[in-house]
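Heads up: the structure comes next, in structure tokens.
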Amino acid sequence: MEYISAKTIVTKVKAPAKWFGIDYNMNIYKGCCHGCIYCDSRSDCYGVEHFDKVRAKENALRIIRDDLRRKTRSGVVGTGAMSDPYNPFERKLELTRHALELCHGFEFGAAIATKSALLERDIDILQDIAEYSPVILKITVTTACDELAAKLEPGVSRPSERFWLLERLSKAGLYAGVLLMPVLPFIEDNLENVGEIVRRAKDAGARFIYPSFGVTLRGNQRVWYYQKLEELFPGQGLVEAYQKRFGEAYECRSPKAAKLWAYFTEECEKRQILYRMEDIISQYKRPYRIEQMSLPF
């Protein structure tokens with residue numbers, strides 16, 4: 001493991017960000033070895049050289065402790081935005097686990113985004129945090145098919161393992177759901193895939209599913225993505241279809257997005273699964289709100 005220097009790790013989210021009600025971001029690792037062909041964090045604008053190599057931040061736990069101690073207000077600390085906090089090295093290093101212990105010690109909440117079943121290891125700490133502070137766990141699932149996921153996300157837990165993880169989290173009383181994004185145009189954007197994810201998420205006890213029916217592409221990441229499409233789906237004309245439909249656009253919305261959204265929302269409503277951001281935030285934070293008593297003077 002290579003270590004890199006850092007001055008701060010827990011940083012305040014700039015207003016008016018509403019991404020799952022997160023107040024602070026925490027990235028302990030830099031780079032990711034999951035190999036997902038669509039990852040936006042690979043983009044040049046983030047300045048992550050050698051993206052596929054995972055590096056940890058030196059003295060991360062001491063820095064996180066000092067960062068949390070200096071905060072004048074507690075809040076929800078999010079992790080998993082730039083690199084998965086449960087990469088294979090985390091199994092031995094336990095930096096994410098100990099960072100969660102620090103969040104608990106300073107009475108901060110936690111919001112985790114991951115594709116790794118290793119999250120199951122930390123259920124005990126997350127239950128401790130949830131006693132006093134909000135916890136939301138977001139498991140990314142873009143396809144219900146293990147075989148397709150092995151191509152698109154070669155270094156990560158298969159969808160079947162992620163649905164198992166969701167079930168474990170739900171049975172542990174934790175607020176967990178699915179990030180249904182990206183949904184890759186011409187590959188995953190079909191009713192069968194979306195419907196299967198909704199059904200399996202419900203069976204696993206998911207409280208919410210938050211979707212985005214498309215993918216973002218820019219600069220070097222677009223070049224990487226197209227190379228991978230040619231390697232993984234030779235002769236299927238996928239690159240040509242993307243170029244014809246989207247050109248150099250950053251937001252590549254599925255041509256079926258409207259139809260998928262209508263179907264998705266109907267399926268979620270039928271199963272009482274939340275899918276709007278404001279509803280998801282409201283539900284996971286509601287038990288921790290203190291209602292002010294109005295005094296008669």
Side-chain angles (χ1 to χ4, degrees), residues 12-25 38 40 75-82 109-115 119 126 129-130 133-144 159 162-163 165-167 169-170 172-185 188-216 250-291:
K12 187 170 178 57
V13 173
K14 295 179 181 178
K18 296 180 180 178
W19 187 251
F20 291 98
I22 294 169
D23 301 292
Y24 302 97
N25 277 320
Y38 49 74
D40 184 65
V76 177
V77 178
T79 188
M82 288 296 296
I112 299 174
T114 186
K115 297 174 190 165
L119 171 60
L126 293 166
I129 295 174
S133 304
V135 171
I136 181 169
L137 307 170
K138 302 162 286 175
I139 312 304
T140 300
V141 181
T142 73
T143 174
R162 285 176 249 171
F163 287 120
L165 171 63
L166 264 174
E167 186 173 7
L169 297 170
S170 300
L174 295 165
Y175 189 88
V178 169
L179 282 181
L180 177 52
M181 60 175 69
V183 175
L184 303 180
E188 300 173 320
D189 59 339
N190 55 78
L191 299 182
E192 293 76 17
N193 181 50
V194 172
E196 183 67 9
I197 290 173
V198 173
R199 287 187 289 273
R200 292 180 69 177
K202 176 62 177 180
D203 290 344
R207 306 286 295 278
F208 66 89
I209 304 175
Y210 190 71
S212 178
F213 298 114
V215 66
T216 56
Y250 169 60
E251 293 187 13
C252 304
R253 194 166 181 256
S254 167
K256 304 175 184 176
K259 183 177 181 181
L260 290 171
W261 174 256
Y263 173 73
F264 167 78
T265 55
E266 182 180 352
E267 291 297 299
C268 286
E269 294 281 357
K270 190 189 306 180
R271 293 170 173 80
Q272 296 183 313
I273 298 175
L274 300 179
Y275 55 86
R276 293 187 178 90
M277 180 65 75
E278 59 270 25
D279 295 335
I280 296 168
I281 296 172
S282 176
Q283 189 178 80
Y284 94 90
K285 288 192 173 184
R286 181 176 294 123
Y288 306 94
R289 291 196 179 115
I290 300 174
E291 298 294 338

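In this chain, residues are counted from 1 in sequence order.
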May I ask you to decide if L184's main-chain N or O and E188's side chain share a donor-acceptor pair within less than 3.5 Å? yes

Do E269 and E266 have side chains that approach each other closer than 4.5 Å (heavy atoms only, starting at C-beta)? no

Test item: D23 and V13 side chains (from C-beta on) under 4.5 Å apart, heavy atoms: no

Within the side chain of R200, is there an N or O that forms a donor-acceptor pair under 3.5 Å with the backbone of A144? yes

In this structure, which one of R207, K285, Q283 forms a side-chain hydrogen bond (donor to acceptor under 3.5 Å, both in side chains) with Y175? Q283

Is there a side-chain contact between T142 and P182 (heavy atoms, below 4.5 Å)? yes

Short side-chain to backbone donor-acceptor contact, S282 and E278, under 3.5 Å: no

Would a 4.5 Å heavy-atom cut-off, applied to side chains only, mark D40 and Y250 as touching? yes

May I ask you to test the V76-Y284 pair for a side-chain heavy-atom distance under 4.5 Å? yes

Please find the pair of heavy atoms, one from P211 and one from F264, that lie closest to each other, and give the distance. CG-CE2, 3.4 Å

Would a 4.5 Å heavy-atom cut-off, applied to side chains only, mark N25 and M82 as touching? no

Looking only at heavy atoms, the pair that brings N193 and T143 closest together is OD1-CA, 3.3 Å

Would you say L260 and S254 make side-chain contact, with heavy atoms under 4.5 Å? yes

Sub-3.5 Å donor-acceptor pair from the side chain of R162 to the main-chain atoms of T140, do we have one? yes

Stacked cation flag K138 on Y210, 6.0 angstrom / 45 deg: no

When you measure from the side chain of S133 to the backbone N and O of A130, does any donor-acceptor pair fall under 3.5 Å? no

Could you measure the distance from the CE atom of M277 to the CZ atom of F208? Nearest 0.5 Å is fine. 9.0 Å

I139 and its side chain to side chain contact (heavy atoms under 4.5 Å, CB included) partner, picked from I112, T114, I209, L179: T114

Heavy atoms of I273 and A206 approach each other most closely as CG1-O, 4.4 Å

Sub-4.5 Å side-chain heavy-atom contact between D189 and P255: yes

